[in-house]
*Asks:* 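Structure in structure tokens, see below.
Note that ligands are numbered from 1 as they come in the structure, with each ligand's atoms numbered from 1 the same way. Values reported hereafter were calculated over all heavy atoms of this structure, with side chains retained and with hydrogens, waters and symmetry mates removed.
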Amino acid sequence: MPEKKSVYQNVIRQFNHAAEVMNLDPDVKEILSKPMNEIIVNFPVKMDDGRIEMFTGYRVQHNNTLGPFKGGLRFHPNVNIDEVRALATWMTWKSAIADIPYGGAKGGIQIDPRKYSQSELERISRRFAFALGSNIGPEYDIPAPDVNTNGQIMAWILDTYQSTFPPQVRNTLLHVVTGKPVEAGGSIGRNKATGQGVCYCVEQWAKDHDFDLKKATFMVQGFGNVGSWAARLIAEKGAKLIAVQDHTGSIYCKDGIDAEKLADYVAEHRGIKGFPGVEEIKNEDFLSTEADIFVPAALENQLTAETTGKLKVKLVAEGANGPTDPDGDRILQEKGIDLIPDVLCNAGGVIVSYFEWLQNKRSEFWDLEEVDSKLYKKIIGGYKRVKEAAEKYKVDSRTAAYIVALSRILVVYKERGIFP
Ligand code: GLU
């Protein structure tokens, strides 16, 4: 096995390249090349059998120039400070590209949540929120779901956070987390929002390239929230889902896989393995499937020097954060494969998080039509800015996305200056 690569190193390589192309102000470059705050908490939790186990949680706050820190919390065995730093930095770019008034943050706990009961997960989530204390807050740093976290976990975090305040002010704190269940103050459309954003971007790409989605085939890696919603929504546009991979294996069916049925199956069986009516293929053969569109929606560093050469697709639409490393990017360009980069393609989640936050602050409830049409406007606005920057600077779409983000943040540093 090759040594696991530093994800933050990827971010810095992408960042340095964009900074060089746009000739970024060296002072602003210096500031943005390090996260503002890095919080590590160790906390004890009582297990179902009465034992105490210690957990390590992280929250990295990269930048808050455009607004409060914002970003998800993930529960995964790979969570470490390097990964969280990278994910926090991507959140800063993502909010800036989507033109929403947030900075970037990310956090998580290094655990395999499958090993814990529901009541243990509740106590782990609550103790994590308690340990973070005032490092999060509705106008300061607002967590949301990410890999292996969901609305239920956000509801526990909200409840714990509120309980640390006097009863008179508790109802003013609803917007301390987003991605809550709708009944507990969440927004309609937040659950599918990241997949919806991926689908809007793919549709826009198809429009720009005179490409008929009804005749298209696509493949998806990862069938959690992002992958399963992207698959269902892209399939609704007439494209055929022909291959899927997740942590339990890879499946293929040239006549098409029913994304809706697969989502139901995964909800029950916790993975795609054993889904009836499809062919099981080897994991190493998955990436060489011939298809038009590939949506990586799992973890980082999937498209690398070793794997990217296998791809036989026209477009990679990144639902995950950081699925392609800089070598992977180079190979995509050499092969002429188009890319909708993560910081644009998967911004639908944080965009609808912003809508949820606004609704909470204003005690409003928007309907799905309103949420979806506003999401469309925001993400396609970002898509167009990235396309214009790619044309103007004659660069690939990831570099262009970075340039859009950095230009936006640069203006504010220039206007406000650096204290003192
Ligand atoms: N975790 C999601 C992301 O990576 C959503 C973040 C949010 O809604 O704050 O974009």
Side-chain angles (χ1 to χ4, degrees), residues 7 11 58-64 66-76 79 83-109 136-151 153-154 157-158 175-181 185-198 200-201 222 224-227 229-230 295-300 317-323 340-360 371 374-375 378-379 382 401 405:
V7 199
V11 178
Y58 303 88
R59 186 72 178 169
V60 172
Q61 297 164 333
H62 174 259
N63 189 274
N64 63 352
L66 299 182
F69 298 113
K70 184 85 189 82
L73 295 174
R74 69 170 56 176
F75 290 0
H76 194 276
V79 169
E83 185 194 57
V84 181
R85 242 178 229 149
L87 292 162
T89 314
W90 282 321
M91 285 309 302
T92 302
W93 314 150
K94 206 182 289 186
S95 304
I97 292 162
D99 200 18
I100 54 177
Y102 286 142
K106 198 74 152 213
I109 310 177
I136 60 170
E139 306 291 335
Y140 178 60
D141 182 358
I142 305 124
D146 197 77
V147 174
N148 292 336
T149 56
N150 54 26
I153 291 173
M154 295 306 118
I157 293 176
L158 163 67
H175 52 308
V176 66
V177 283
T178 58
K180 300 180 286 290
S187 175
I188 287 182
R190 174 63 183 84
N191 199 29
K192 72 173 173 86
T194 311
Q196 185 67 71
V198 172
Y200 286 152
C201 286
N225 174 281
V226 180
W229 277 111
V295 180
L299 297 170
E300 304 90 49
E318 293 181 331
N321 291 306
I340 309 175
D342 49 6
V343 284
L344 164 66
C345 195
N346 71 34
V350 71
I351 292 171
V352 178
S353 275
Y354 169 54
F355 298 158
E356 177 176 333
W357 188 73
L358 284 180
Q359 290 171 77
N360 291 162
V371 170
K374 287 187 158 126
L375 165 60
K378 278 281 177 208
I379 200 156

*Asks:* Looking only at heavy atoms, which two atoms of M91 and A105 are closest? And how far apart?
*Replies:* CG-O, 3.2 Å

*Asks:* Quick test of your reading of the model: are E300 and R74 salt-bridged, counting only N-O distances below 4.0 Å?
*Replies:* yes

*Asks:* For the ring pair Y140 and F69, is the centre-to-centre distance below 6.0 Å?
*Replies:* yes

*Asks:* Could you tell me whether R59 and D141 have a side-chain N and a carboxylate O separated by less than 4.0 Å?
*Replies:* yes

*Asks:* Give me the pairs of N or O atoms, one from ligand 1 and one from the protein, that sit under 3.5 Å apart.
*Replies:*
unit_1   : atom_1 : unit_2 : atom_2 : d
ligand 1 : 1 (N)  : P145   : O      : 2.9
ligand 1 : 1 (N)  : D146   : OD1    : 2.7
ligand 1 : 4 (O)  : K94    : NZ     : 3.1
ligand 1 : 4 (O)  : K106   : NZ     : 2.8
ligand 1 : 4 (O)  : D146   : OD1    : 3.4
ligand 1 : 4 (O)  : N321   : ND2    : 3.1
ligand 1 : 8 (O)  : R190   : NH2    : 3.0
ligand 1 : 8 (O)  : S353   : OG     : 2.5
ligand 1 : 9 (O)  : K70    : NZ     : 2.7
ligand 1 : 10 (O) : K94    : NZ     : 2.7

*Asks:* Any donor-acceptor pair under 3.5 Å linking the side-chain atoms of N321 with those of K94?
*Replies:*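 Yes - a donor-acceptor pair under 3.5 Å links their side chains.
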
*Asks:* Is the closest side-chain donor-acceptor distance between T178 and R190 under 3.5 Å?
*Replies:* no

